[in-house]
There are 2 protein chains.
Amino acid sequence: MTSQAFEAHDHRSCIAAGVASAVQICAERNLQLTAARQRVLEILLSEHRAMGAYEILEHLRAEGLGSQPPVAYRALEFLTKNGFAHRIERLNAFIACSHLDNAHAPVFLICRACERVVEAEANAAQGEIDRVARRAGFVVERAVREAEGLCPACAPTA
Amino acid sequence: MTSQAFEAHDHRSCIAAGVASAVQICAERNLQLTAARQRVLEILLSEHRAMGAYEILEHLRAEGLGSQPPVAYRALEFLTKNGFAHRIERLNAFIACSHLDNAHAPVFLICRACERVVEAEANAAQGEIDRVARRAGFVVERAVREAEGLCPACAPTA
DNA sequence: GATCGTATGATATAACATATCAACCCCATC
DNA sequence: GATGGGGTTGATATGTTATATCATACGATC
Ligand SMILES: [Zn+2]
Ligand SMILES: [Zn+2]
Ligand SMILES: [Zn+2]
Ligand SMILES: [Zn+2]
């Protein structure tokens, strides 16, 4: 769950560890990680890229876990509200959280070539958003920090 | 065009100055600021909030400048590509640029109560996005920095 | 066993965005 | 002044993302 960058890694452990963490956290907080919710988390964890709600819905549909948009959106709302997944605004899509352990101010790096998305840990208080907001007297409730570009693997090719 | 924050100001000059700048810049760069494009810019300048493409389209339709989605999207593409407007990813909506003069790395402060959106100037090189990207060897082509929350006027009320 | 809260099922629709092809206009070139 | 290319517009259709609404199921609580 700490896959920091665009590097190769044992991906099976990503899924297993992600689900295990979620199960534990839900138990601690009395959250219901129902079948559909857990399955959506697994689907998101299965790839290091953002997936659209309808792409997720196709999986659910194929597995008999639901066939209509609200099924996917409800699961995604649960996952994002509770920090198990994030919405990537730039893509109108979703990705599993890769820093489940600590509260965070994520920065997402989105490769336009290979579509991989990496969640990096940022220091909220040091960012430009926070600085600007403080100066304006603005109370930040949610900050979106997303960069689109080329990952180390794709940059040379392009 | 330097309305920095959520403060009161002479709004007519916002529109006039914004259009004037755009006209001049287009002349300098040989860009065609056609009727529809200029009108969309004026519509965006008319309010300090983000407007959806279909909301803009309604205006155009009422004025006989077009009635189908591509009309609005084409004008918006021209305006955003040339820096006269910005897309707010968080809202799937658009806003006129308020720093036409200088190249910039804008931060948007979005008030969820009054819907006002302020474009603030940030220092790209100092932000957390840039720091994180550098560490990961990621080449940033576009950075999205948007904060949602409460503006100084709305924060006390809430 | 009635009530309540949470989760699902099901249907419809809203909201946002793009693909495609034809027509047109301006202007430069032949 | 005809030809052709580039950019713009018109028109139609479609694709994609997201939510509203009402009904049903089910375990927990009283
Ligand atoms: Zn996260
Ligand atoms: Zn890549
Ligand atoms: Zn701007
Ligand atoms: Zn406000």
Side-chain angles (χ1 to χ4, degrees), chain A residues 22 26-27 29-41 43-44 49-82 84-95 110 112 115 144 146 148, chain B residues 22 26-27 29-41 43-44 49-82 84-95 110 112 115 144 146 148:
Chain A
C26 284
R29 301 185 197 162
N30 261 331
L31 299 172
Q32 301 188 43
L33 189 61
T34 63
R37 289 168 179 178
Q38 176 168 338
R39 189 68 194 106
V40 170
L41 179 58
I43 292 166
L44 289 175
R49 65 181 178 87
M51 300 178 73
Y54 282 73
E55 185 180 357
I56 291 165
L57 181 57
E58 276 174 31
H59 287 267
L60 296 178
R61 187 176 284 149
E63 300 168 17
L65 281 170
S67 63
Q68 298 305 317
V71 173
Y73 280 100
R74 284 166 180 162
L76 287 166
E77 186 188 358
F78 171 86
L79 293 173
T80 53
K81 202 167 72 178
N82 293 294
F84 301 120
H86 298 288
R87 177 180 169 82
I88 307 296
E89 299 296 340
R90 174 70 186 137
L91 303 176
N92 291 338
F94 303 83
I95 193 166
I110 306 163
R112 66 167 164 82
E115 294 195 296
V144 176
E146 297 170 359
E148 195 172 21
Chain B
C26 285
R29 302 186 196 161
N30 262 329
L31 299 173
Q32 301 188 41
L33 189 60
T34 63
R37 290 169 178 178
Q38 176 167 337
R39 190 68 195 107
V40 169
L41 178 58
I43 291 166
L44 288 175
R49 66 179 178 88
M51 300 178 72
Y54 279 72
E55 186 180 356
I56 291 165
L57 181 58
E58 277 174 31
H59 287 267
L60 296 179
R61 188 176 283 149
E63 299 168 19
L65 282 170
S67 62
Q68 299 304 318
V71 173
Y73 281 100
R74 284 166 180 162
L76 288 166
E77 187 188 358
F78 171 86
L79 293 173
T80 53
K81 201 167 73 176
N82 294 293
F84 301 120
H86 298 289
R87 176 181 169 82
I88 308 294
E89 300 295 343
R90 173 71 187 136
L91 302 175
N92 291 338
F94 303 83
I95 193 164
I110 307 163
R112 67 166 162 83
E115 294 194 296
V144 176
E146 297 171 359
E148 196 172 20

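These figures come from a predicted structure and were not determined experimentally. Per chain, numbering begins at 1; letters A, B, ... match sequence-line order.
The salt bridge (charged side-chain N to carboxylate O under 4.0 Å, His left out) pairs that include a residue from residues 64-73 of chain A number zero, where partners must be two or more places apart or lie in different chains.
For B/Glu58, there are no salt bridge (charged side-chain N to carboxylate O under 4.0 Å, His left out) partners, not counting sequence neighbours. B/Glu63 meets the salt bridge (charged side-chain N to carboxylate O under 4.0 Å, His left out) test with B/Arg39; sequence neighbours excluded. Residues that satisfy the side-chain hydrogen bond (donor to acceptor under 3.5 Å, both in side chains) test with B/Asn82, not counting sequence neighbours, are absent from this structure. Contacts of B/Glu148 classified as salt bridge (charged side-chain N to carboxylate O under 4.0 Å, His left out), with partners at least two apart in sequence or in another chain: B/Arg90. Under the salt bridge (charged side-chain N to carboxylate O under 4.0 Å, His left out) criterion, A/Arg112 pairs with B/Glu141, not counting sequence neighbours.
For a distance-only test at 3.5 Å, the side chain of B/Tyr54 qualifies as a donor-acceptor partner of the base of C/dA17.
Atom CG of B/Asn30 is separated from atom C1' of C/dC26 by 13 Å (rounded to the nearest Å). Rounded to an integer number of Å, the gap from B/Tyr73 OH to C/dA19 P is 12 Å.
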Readout for nucleotides 3-11 of chain C: B = base within 4.0 Å of protein heavy atom, S = sugar-phosphate only, - = neither; 5' to 3' it is ---SSBBBB

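With hydrogens and angles disregarded, no donor-acceptor distance shorter than 3.5 Å links the side chain of B/Glu146 to the backbone of B/Ile88.
When DNA chain D is scanned 5' to 3' for any atom under 4.0 Å from a heavy atom of chain B, the first and last hits are D/dG7 to D/dT12.
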Show me the donor-acceptor pairs, under 3.5 Å and distance only, between side chains in residues 70-81 of chain B and residues at least two apart or in other chains.
residue : atom : partner : partner atom : Å
B/Thr80 : OG1  : B/Leu76 : O            : 2.8
B/Thr80 : OG1  : B/Glu77 : O            : 3.2

